[in-house]
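Worksheet: one structure, shown below.
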Number of protein chains: 2
Amino acid sequence: MTSGRPLPHPARDDLELTQVLFALSDPVRLDLVRQLASGPQEMADCLAVEPPLPKSTKSHTMKVLREAGVIRNEPRGRNRIVSLRREDLDSAFPGLLDAVLDGEGTA
Amino acid sequence: MTSGRPLPHPARDDLELTQVLFALSDPVRLDLVRQLASGPQEMADCLAVEPPLPKSTKSHTMKVLREAGVIRNEPRGRNRIVSLRREDLDSAFPGLLDAVLDGEGTA
DNA sequence: GTCATGGTTCGATTCTAGTTGAACGATCGT
DNA sequence: ACGATCGTTCAACTAGAATCGAACCATGAC
């Protein structure tokens with residue numbers, strides 16, 4: 001029941017605004033999205049804080065963002081590459097991502 | 001413990017992005033915000049659907065949006081006027097509201 | 001093949017948010 | 001002053017989301 005690896009991602013046309021907004025409404029997830037704004041990252045490097053988040057929690061964080069269509073999570077050898085779905089988001093909700101990424105200081 | 005009427009609203013500088021995003025991440029609340037985009041409304045007219053929402057539920061919906069700083073809720077005689085805090089939002093998170101209001105068909 | 005590594009899934013618990021009736025408050029009309 | 005109307009607050013319940021350990025799985029290294 002676990003799985004192999006290629007995880008399901010919603011199609012660009014299936015993105016729902018409320019889901020995206022919800023995914024972004026958590027400080028930790030928003031933070032991650034901002035980190036990804038500068039480019040894809042290996043998942044291992046992603047939420048590297050002290051103390052380190054448990055794997056399952058981290059995985060769950062990714063899941064929420066992935067299922068909302070905010071990030072892409074692809075297998076790469078033994079680890080994973082996480083990236084922002086910038087074009088898809090821009091096409092579905094023009095201006096939204098930029099606006100969110102701009103709100104710098106604000107949590 | 002109930003109250004009179006002028007309800008507390010967060011100051012423009014205290015708006016938090018995550019709270020705003022969360023407030024907007026619910027279909028009913030988002031819908032209300034879109035209705036308000038065309039101008040203030042009397043609360044009584046606001047979420048007029050069938051079957052009608054119980055008063056307490058409606059009031060709670062308003063509360064979430066108000067506490068996030070998305071709407072203003074002011075006494076007006078025996079009822080209330082609800083309005084979008086457009087300028088405050090635009091100043092705090094430029095482009096955000098427009099982007100959200102644009103996502104028309106998408107729930 | 002075997003082992004170490006990185007990540008997902010399951011399941012239990014905890015915490016937070018939504019829902020709604022009932023009680024209360026303020027205001028307006030008479 | 002009284003009653004009706006409109007909305008908030010309280011409190012109890014339900015539903016949903018976050019947290020995290022344990023089990024599991026693929027891949028890569030040896």
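A quick note: this is a predicted structure, and the numbers were derived from the prediction, not measured. Reckoned from all heavy atoms, side chains included, excluding hydrogens, waters and symmetry mates. Residue numbers begin at 1 in each chain, while the letters A, B, ... track the order of the sequences.
A distance-only check finds no donor-acceptor pair linking the side chain of His9(B) to the backbone of Glu67(B) [under 3.5 Å]. At least one donor-acceptor pair closer than 3.5 Å links the side chain of Lys58(A) to the backbone N or O of Met43(A). Checked by atom type and distance alone, the side chain of Arg66(B) pairs as donor or acceptor with a backbone atom of Pro8(B) at under 3.5 Å.
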Considering only nitrogen or oxygen atoms on both sides, find all protein atoms under 3.5 Å from nucleotides 27-30 of chain C and state each distance.
from, atom 1, to, atom 2, distance (Å)
dC28(C), O4', Arg78(B), NH1, 2.4

At a cut-off of 3.5 Å, list every protein nitrogen or oxygen paired with a nitrogen or oxygen from nucleotides 11-18 of chain D, distance to 0.1 Å.
from, atom 1, to, atom 2, distance (Å)
dA18(D), OP1, Arg29(A), NH1, 2.7
dA18(D), OP1, Arg29(A), NH2, 3.3

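Clustering of Ile, Leu, Val, Met, Phe, Trp and Tyr by side-chain heavy atoms under 4.5 Å joins Phe22(B) with Phe22(A). Other residues sharing the hydrophobic cluster of Val64(A), ordered by chain and number and joined by side-chain separations under 4.5 Å: none, the residue standing alone.
Rounded to whole Å, atom C1' of dA26(D) lies 15 Å from atom CE of Met43(A). Residue Met62(A) contributes atom CE, which lies 15 Å from atom P of dC20(D) at whole-angstrom precision. Regarding Lys58(B), its NZ atom lies at a distance of 19 Å from the C1' atom of dA22(C), rounded to whole Å. Atom pair Leu47(B):CG and dT19(C):P shows a separation of 11 Å (rounding to whole Å applied). Regarding Lys63(A), its NZ atom lies at a distance of 10 Å from the C1' atom of dC10(C), rounded to whole Å. Atom CD in Glu74(A) sits about 13 Å away from atom P in dT8(C), given to the nearest Å. As a whole-Å value, the separation of Arg80(A) CZ from dA26(D) C1' is 9 Å. Remark: C1' of dG7(C) and CD of Gln41(A) are 16 Å apart, rounded to the nearest angstrom.
Heavy-atom distances to DNA chain D give each of Ala44(B) and Ser56(A) a nearest nucleotide, and the one nearer the 5′ end belongs to Ala44(B).
Asp26(A) is not listed as a side-chain neighbour of Thr61(A), based on a closest heavy-atom distance of 4.5 Å or more. The shortest side-chain heavy-atom distance between Gln41(B) and Leu36(B) falls under the 4.5 Å cut-off. Between Phe93(B) and Val20(B), some side-chain heavy-atom pair lies under the 4.5 Å cut-off. Contact annotation: the side chain of Leu21(A) approaches that of Leu96(A) to within less than 4.5 Å [non-hydrogen atoms, C-beta and beyond].
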Would you list the atom pairs, donor with acceptor, under 3.5 Å between side chains in residues 82-91 of chain A and any protein atom, with sequence neighbours excluded?
from, atom 1, to, atom 2, distance (Å)
Arg85(A), NE, Asp88(A), OD2, 3.0
Arg85(A), NH1, Pro10(A), O, 2.8
Arg85(A), NH2, Pro10(A), O, 3.0
Arg85(A), NH2, Asp88(A), OD2, 3.0
Arg86(A), NH2, Ala37(A), O, 3.2
Asp88(A), OD2, Arg72(A), NH2, 3.4
Ser91(A), OG, Arg12(A), NE, 3.4

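Here Ser59(A) reaches the OP1 or OP2 of dT8(C): one of its side-chain N or O atoms lies under 4.0 Å away.
Listed in residue order, the members of residues 65-73 of chain A having a heavy atom less than 4.0 Å from DNA chain D come to none.
Nearest heavy atoms, Ala23(B) versus Val70(B): CB-CG2, 4.3 Å.
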